[in-house]
Amino acid sequence: AVSDVFPNPVGSVSYINYKIVNDATDSKMVFYDILGNEVKHIAINNHEGALQINKNDFADGVYFYSLMADNKKLVTKKFRSFKRWFCRVK
């Protein structure tokens, strides 16, 4: 199981809670851009916890993250990263 990124859009620091229920020995969280290119991965050493991500690791845009266990994709979710906020002036 994987939580949604909190907060989303990604703040200065955001968190993803996860729990792996099988006996996987090789687990990681993999991050992809909107085109499906891998942009980052974080090795996971225990079956339950929280990952911390920083918005400076991602350019502005939409990303997907997948929890992988023994080379099997368990779940994929989406988040947004925006370093600056835009205001429309009329």
(message) Using only atom types and a distance under 3.5 Å, with no angle test, would you say the side chain of Lys77 pairs donor to acceptor with the backbone of Val2?
(response) yes
(message) I'd like to know if the side chain of Asp70 reaches the main chain of Thr25, judged simply by a donor and an acceptor atom lying under 3.5 Å from each other, with no hydrogens or angles considered.
(response) yes
Review item, side-chain donor-acceptor pairs of residues 44-54, under 3.5 Å, at least two apart:
unit_1 : atom_1 : unit_2 : atom_2 : d
Asn46  : OD1    : Tyr18  : OH     : 2.9
His47  : NE2    : Asn22  : O      : 3.2
His47  : NE2    : Ala24  : O      : 3.3
Asn54  : OD1    : Asn56  : N      : 2.7
Asn54  : OD1    : Asn56  : ND2    : 3.3

(request) Consider only side-chain heavy atoms of I, L, V, M, F, W and Y, link residues closer than 4.5 Å, and tell whether Phe64 and Ile16 are in one cluster. (result) no
(message) Is it the case that atom CG in Asn37 sees more than 12 heavy atoms from other parts of the structure closer than 6.0 Å?
(response) yes
(message) Taking the six-membered ring of Tyr32 as reference, does the cationic atom of Lys73 (NZ for Lys, CZ for Arg) lie under 6.0 Å from its centre and within 45° of its axis?
(response) yes
(message) Taking Val75 as the starting point, is it possible to reach Met29 by hopping between hydrophobic residues whose side chains are less than 4.5 Å apart?
(response) yes
(request) Decide whether Ile20 and Ile42 are clustered together by the hydrophobic rule: side chain heavy atoms of Ile, Leu, Val, Met, Phe, Trp, Tyr closer than 4.5 Å, transitively. (result) yes
(message) To the closest 0.5 Å, what do you measure between OG (Ser66) and CD (Glu38)?
(response) 9.5 Å
(request) Begin with the C-alpha distance, continue with both residues' side-chain angles, and end with the deciding distance and a verdict on side-chain contact (heavy atoms from CB on, under 4.5 Å) for Asp4 and Phe79. (result) CA-CA 8 Å; Asp4 291 332; Phe79 74 94; over 6 Å; no
(request) Answer yes if Leu67 and Phe58 sit in the same cluster of Ile, Leu, Val, Met, Phe, Trp and Tyr residues linked by side chain heavy atoms under 4.5 Å apart, and no otherwise. (result) yes
(message) If you define the side chain from C-beta out and look only at heavy atoms, does anything of Met68 sit under 4.5 Å from Leu74?
(response) no
(request) Under the side-chain contact (heavy atoms from CB on, under 4.5 Å) rule, what do Tyr63 and Asp33 come out as? Steps first, then yes or no, please. (result) CA-CA 5 Å; Tyr63 293 87; Asp33 65 15; 4.0 Å; yes
